[in-house]
Amino acid sequence: MDKAVSQKTIADNVSVEKKKTNFFDYSLLFIVLFVTGFGLVMMYSASGYTAQNRLSDALYFFKRQALFAAIGVLVMLVTSFFNYHNYGKLVMLFYAIAVALTILTFVIGQASHGSARWIAIAGIRFQPSELVKIAVILAVAVQVTHYGARLKTFKQEASVFLWGLFPAVIIAKTNLSTAIIIMGITFFMLFIGTRNYRGFLFLGILGVLAYIFAFPFARFISAVGLLHDYQLRRIFAWKNPMDYPDDTFQTLQGLYAIGSGGIFGKGLGQSVQKFLMPEAQNDMIFTIICEELGLFGAISLILIYGFLIYRLFDIARNASDLFGSMLTAGIMIHISLQVILNIAVASNAIPNTGVTLPFVSYGGTSLLLLMFEMGIALNVSRCTHLS
């Protein structure tokens with residue numbers, strides 16, 4: 001009888017061992033592919049008229065974005081097989097290169113919307129500040145993992161926060177929106193990684209007050225000369241859009257687009273405001289979605305983003321170690337911030353800051369690096385053992 005029980009125990013153990021397997025989040029993979037495909041359709045709808053008028057090729061922006069999307073999917077799949085623990089060894093090199101390239105934009109940068117944000121190396125034009133976002137996520141994840149449960153003193157928190165603050169200060173001179181996102185990523189990753197919440201509560205209250213009193217605060221910043229005039233005018237124009245018609249032309253057209261879309265929209269490709277709005281395929285593409293697909297389409301897209309963010313949250317929660325959890329949490333925060341800020345700008349809830357809508361707005365650098373981040377998250381899920 002004992003022998004029979006022993007054999008049954010061995011069989012049960014073998015059965016459990018067979019059930020223990022690596023998990024791969026196909027839900028995240030499919031939702032990324034879906035929202036990217038949806039983005040290509042909407043980007044073509046928003047850009048076809050402009051591309052035909054300016055470049056005599058209605059498919060110009062679509063073909064370029066489709067190429068980056070195809071490369072991005074390949075990057076995502078390859079990255080999903082690269083063990084994320086190796087990023088801990090490469091973080092210093094990656095961080096140094098990203099910051100160095102950002103500083104280089106001050107020397108050889110190409111102007112875009114009034115400031116030098118792009119550089120071209122070997123014929124490839126890209127935005128170094130996008131690299132900094134990933135570098136900061138990696139650096140903060142490494143630092144939080146290093147301190148672990150010991151991360152609870154102000155000195156330790158400040159030392160981690162500097163990894164995001166340093167590049168954000170550099171970038172703020174030419175790209176305030178990216179600097180805000182980098183600071184937001186650092187802030188929320190620290191909030192997740194530390195046990196001391198009082199300082200974060202205080203900073204959160206300050207942030208709410210800064211939003212409520214943005215107009216007088218902007219006047220104070222203008223007096224001390226901390227920001228450029230074009231950055232301050234965005235705040236002034238946000239509060240009084242009709243007083244700055246030249247600065248708020250795109251915002252006003254976006255609001256008209258949102259308002260005219262109704263419940264189900266005018267129909268795919270039937271937007272009127274895209275004929276008036278410059279570069280509708282970029283930061284203001286959400287307004288075109290609202291006009292063509294209506295409130296139903298807008299809410300559907302927001303729910304899709306919500307599901308994508310939930311999958312990242314689930315991967316972070318079930319990661320096999322703290323580093324994988326923090327890495328995925330940083331990616332989740334990045335996506336969340338860009339979605340919230342883009343929609344807030346489109347609806348004029350905050351000043352126009354030039355934030356792209358992830359996977360939907362036109363932009364090769366942004367799309368490729370977002371796919372790279374998704375590949376990291378998929379690898380974290382792959383390294384998660386389920387039983």
Side-chain angles (χ1 to χ4, degrees), residues 23-39 42 69 72-73 76 79-80 84 130 133-134 136-138 140-141 144 164 177-178 180-193 200 204 207 283 285-286 289-290 293 296-319 322-347 349-350 353 355-361 363 366-384:
F23 172 71
F24 186 82
D25 201 319
Y26 287 102
S27 296
L28 177 62
L29 175 63
F30 292 142
I31 202 68
V32 169
L33 294 177
F34 176 83
V35 76
T36 302
F38 173 79
M42 292 310 306
V73 170
M76 176 177 63
T79 305
S80 70
Y84 68 90
E130 294 293 328
K133 295 176 186 177
I134 300 179
V136 168
I137 291 172
L138 292 171
V140 174
V144 171
S177 58
T178 299
I180 292 171
I181 291 172
I182 290 170
M183 293 299 294
I185 291 170
T186 309
F187 177 87
F188 287 108
M189 286 185 72
L190 260 177
F191 177 77
I192 293 171
F200 292 93
D283 306 338
I285 195 170
F286 182 76
I289 294 171
C290 291
L293 304 181
F296 175 79
I299 292 177
S300 298
L301 180 60
I302 291 171
L303 290 176
I304 290 169
Y305 278 123
F307 182 68
L308 189 154
I309 291 165
Y310 167 72
R311 293 312 312 151
L312 291 172
F313 169 78
D314 198 51
I315 294 171
R317 182 183 60 176
N318 293 299
L322 179 59
F323 181 57
S325 181
M326 291 304 304
L327 206 52
T328 311
I331 294 169
M332 178 189 71
I333 292 165
H334 175 204
I335 301 294
S336 303
L337 285 175
Q338 290 213 184
V339 170
I340 292 170
L341 290 176
N342 179 274
I343 294 175
V345 166
S347 58
I350 63 173
T353 56
V355 178
T356 57
L357 189 61
F359 305 104
V360 177
S361 293
S366 175
L367 183 58
L368 280 177
L369 293 178
L370 284 169
M371 289 293 192
F372 176 65
E373 289 184 2
M374 293 302 103
I376 294 174
L378 287 171
N379 183 258
V380 175
S381 78
R382 186 187 292 277
C383 295
T384 300

Rounded to the nearest 0.5 Å, what separates atom [atom1] in [X] from atom [atom2] in [Y]?
X    : Y    : atom1 : atom2 : result
S361 : I285 : OG    : CD1   : 5.5 Å
I181 : I340 : CD1   : CD1   : 11.0 Å
I331 : M189 : CD1   : CE    : 9.0 Å
S177 : L337 : OG    : CG    : 12.0 Å
I289 : M42  : CD1   : CE    : 5.0 Å
C383 : F24  : SG    : CZ    : 11.0 Å

Trace of the side-chain contact (heavy atoms from CB on, under 4.5 Å) decision for L308 with R311: CA-CA 5 Å; L308 189 154; R311 293 312 312 151; 5.9 Å; no
Side-chain ([X]) to main-chain ([Y]) donor-acceptor, under 3.5 angstrom:
X    : Y    : answer
D25  : L378 : no
S347 : A344 : yes
Y305 : P358 : yes
D283 : L357 : no
S325 : A316 : yes

What heavy-atom pair brings [X] and [Y] nearest, and what distance separates the two atoms?
X    : Y    : result
M371 : M76  : O-CB, 3.4 Å
I134 : E373 : CG1-OE2, 3.3 Å
A377 : T328 : CB-CG2, 4.3 Å
L312 : M374 : CD1-CE, 4.2 Å
G324 : Y84  : CA-CE1, 3.4 Å
S80  : R382 : O-NE, 3.1 Å

Would a 4.5 Å heavy-atom cut-off, applied to side chains only, mark [X] and [Y] as touching?
X    : Y    : answer
L370 : H334 : yes
I137 : L327 : yes
F38  : I304 : no

Trace of the side-chain contact (heavy atoms from CB on, under 4.5 Å) decision for Y26 with I31: CA-CA 8 Å; Y26 287 102; I31 202 68; over 6 Å; no
Q338: which of V355, T178, I333 passes side chain to side chain contact (heavy atoms under 4.5 Å, CB included):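 With Q338 as partner, side chain to side chain contact (heavy atoms under 4.5 Å, CB included) holds for just one option, V355.
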Residues, nucleotides or ligands: over 12 heavy atoms within 6.0 Å of F307 CZ: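 Check passes, neighbour count above 12.
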side-chain contact (heavy atoms from CB on, under 4.5 Å) between V345 and F286, worked out: CA-CA 10 Å; V345 166; F286 182 76; over 6 Å; no
Aromatic plane relationship, F188 with F191 - under 30° parallel, 30 to 60° tilted, over 60° perpendicular: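 Correct class here is perpendicular.
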Step-by-step side-chain contact (heavy atoms from CB on, under 4.5 Å) determination, T36 to V73: CA-CA 10 Å; T36 302; V73 170; 5.6 Å; no
